[in-house]
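So that the names make sense, note that chain A is the first sequence line, chain B the second, and so on, each numbered from 1. Reckoned from all heavy atoms, side chains included, excluding hydrogens, waters and symmetry mates.
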There are 2 protein chains.
Amino acid sequence: MASTTEENYLKALFNLANPEGEVNISDLAQSLGVSMPTANSMVKSLQKSGWVIYEKYKPVTLTKQGKKTAALVIRKHRLTEMFLVKKMGFGWEEVHEVAEQIEHIHAPKFFDRMDEMLGYPTIDPHGSPIPDDQGRVQTLSHVSLASCLTGQVVQLTALTNSSADFLEFLNNRELTLGKELKILSQEAYDHSMTVSYAGHPQETLSEKVCEKLLVRVIS
Amino acid sequence: MASTTEENYLKALFNLANPEGEVNISDLAQSLGVSMPTANSMVKSLQKSGWVIYEKYKPVTLTKQGKKTAALVIRKHRLTEMFLVKKMGFGWEEVHEVAEQIEHIHAPKFFDRMDEMLGYPTIDPHGSPIPDDQGRVQTLSHVSLASCLTGQVVQLTALTNSSADFLEFLNNRELTLGKELKILSQEAYDHSMTVSYAGHPQETLSEKVCEKLLVRVIS
DNA sequence: TATAATTGTTAGATCAATCTAACAAATATA
DNA sequence: TATATTTGTTAGATTGATCTAACAATTATA
């Protein structure tokens, strides 16, 4: 069974993987806030345990088993976030730190009960998919708001970033998941967008923000 | 801030303390499932951090700060047990292992919300007192069933042992907290007791069991 | 009280997870 | 292509938590 530290490495590898499933040691180290030698030696030990495939000077890839284990940790994280929001009255900006801890609890029944009480949700409070109990992850197709065009109507479906600061920013503008936004205009100079939605006839969003908002195009 | 390991040592010291607040190294080691040298060196390090008072060849005592920290971990444990039973449908025999893990989560709001949702309970599912948020513990006065006399009517209020096996034993006899028992007879030879209660006109309980059942004498 | 049993301590090793310093390989750039 | 930059590796140290073996102090018992 993976230690908490190992689980965190697997999770990071899962999240950082490029389309080929590869992760650089330096990105891994940075993402976990450890030095490169630390990441390097941990990767070697993960390899010995069969969680990753690794060769000197090559990027790291998760094995099938590593991917599944990572997905199951992410499942616990996202179920916990949903539980905190839906059943315990937390704001979506408050749940990450707690979920980072609870995701390492070993107690299947605890998470099964959460799942049941939540009605088997498929996405978390930030629109990210919740892997199923076999570690399978559905791929949701959404595009970033930044890539949409003036005149389009879109529905906010997920976020690429769930930092408390960003979520506070969205709270202040009542930008919650499910909201329908109409794109009024785009500024060619800085790529900012002006949108309207229920209760907000005009809000201007910077490029940085638009890139982090994932939407489904309605029309 | 105490590590998970340190918190477990503080908790053990709190629970093992005799009326003078003293604990032997060997009892501590046994209770935590570690060797005596391990407990010994950890006690030295807890002393350096101000959690305990300790002198060579003398028993260990918690400092005021150590006692408070221990009580607050126990608070998290017992609130969690109550939450699992009352809000998540766990049986009282299933909650200990999960609570042993969740008690080490650092997230005040998580436990505050549990407390609120539970209506600020003062005892856990096994009748043990839940320390308040300052680490103060109420002393409940109950006596063991073993010390009661034939003819008395008593109410089951707590247990001195909450092992899953014992709780299963009680489940099988519908012996839940709050139940009123009438002591029908006691066997002089083996100190077993025969009692009656709602739906159970006659149940014989061994001395071992009677000692672990804490009751309030009604008449 | 002398001896045996229990309890506690010291010394030294191990393992996981981390670090810094120094160096080597791969990649980018002039 | 030669050189500089980035990325990755090795070596060696550190810290927390654990162990066993050996020994010492305390307590119980014959």
Chemist: When you measure from the side chain of B:Tyr57, which nucleotide among D:dT10, D:dG8, D:dT26 comes out closest?
Modeler: D:dT26

Chemist: Return yes if some donor-acceptor pair links the side-chain N/O of B:Thr80 with the main-chain N/O of B:Ala99 below 3.5 Å, else return no.
Modeler: no

Chemist: Between the main-chain N or O of B:Trp51 and the side-chain N or O of B:Ser49, is there a donor-acceptor pair closer than 3.5 Å?
Modeler: no

Chemist: Where along residues 46-56 of chain A does a heavy atom fall under 4.0 Å from DNA chain D?
Modeler: A:Tyr54, A:Lys56

Chemist: Please check if any side-chain donor atom of A:Thr150 sits under 3.5 Å from a side-chain acceptor atom of A:Gln186, or the reverse.
Modeler: yes

Chemist: Within the distance-only criterion (no hydrogens, no angle test), does the side chain of A:His96 pair as donor or acceptor with the backbone N or O of A:Ser163 below 3.5 angstrom?
Modeler: no

Chemist: Could you identify which residues of residues 14-26 of chain B place a heavy atom less than 4.0 Å from some atom of DNA chain D, listed by residue number, or say none?
Modeler: none

Chemist: Choose from D:dT18, C:dC19, D:dT7 the nucleotide whose nearest atom is closest to any side-chain atom of A:Thr38.
Modeler: C:dC19

Chemist: For D:dA17, does OP1 or OP2 lie under 4.0 Å from any side-chain N or O of B:Ser3?
Modeler: yes

Chemist: So, is A:Lys44 close to the D:dT10 phosphate, meaning a side-chain N or O under 4.0 Å from OP1 or OP2?
Modeler: yes

Chemist: Using a cut-off of 6.0 Å, state whether more than 12 heavy atoms not belonging to B:Lys212 lie near its atom NZ.
Modeler: yes

Chemist: Going by an N to O cut-off under 4.0 Å, is there a salt bridge joining B:Arg113 and B:Glu116?
Modeler: yes

Chemist: Would you say a side-chain N or O of A:Thr5 is under 4.0 Å from OP1 or OP2 of C:dA17?
Modeler: yes

Chemist: Side chain of A:Pro37: nearest nucleotide among D:dA11, D:dG8, D:dC19?
Modeler: D:dA11

Chemist: Do you see a donor-acceptor pair shorter than 3.5 Å between the side chains of B:Asp124 and B:Trp92?
Modeler: no

Chemist: Return no unless some side-chain N or O of B:Ser35 is found under 4.0 Å from OP1 or OP2 of D:dC19.
Modeler: yes

Chemist: Do A:Glu100 and A:Lys11 sit within salt-bridge range, that is, some charged N less than 4.0 Å from a carboxylate O?
Modeler: yes

Chemist: Within less than 4.0 Å of OP1 or OP2 of D:dT18, is there a side-chain N or O belonging to B:Tyr9?
Modeler: yes

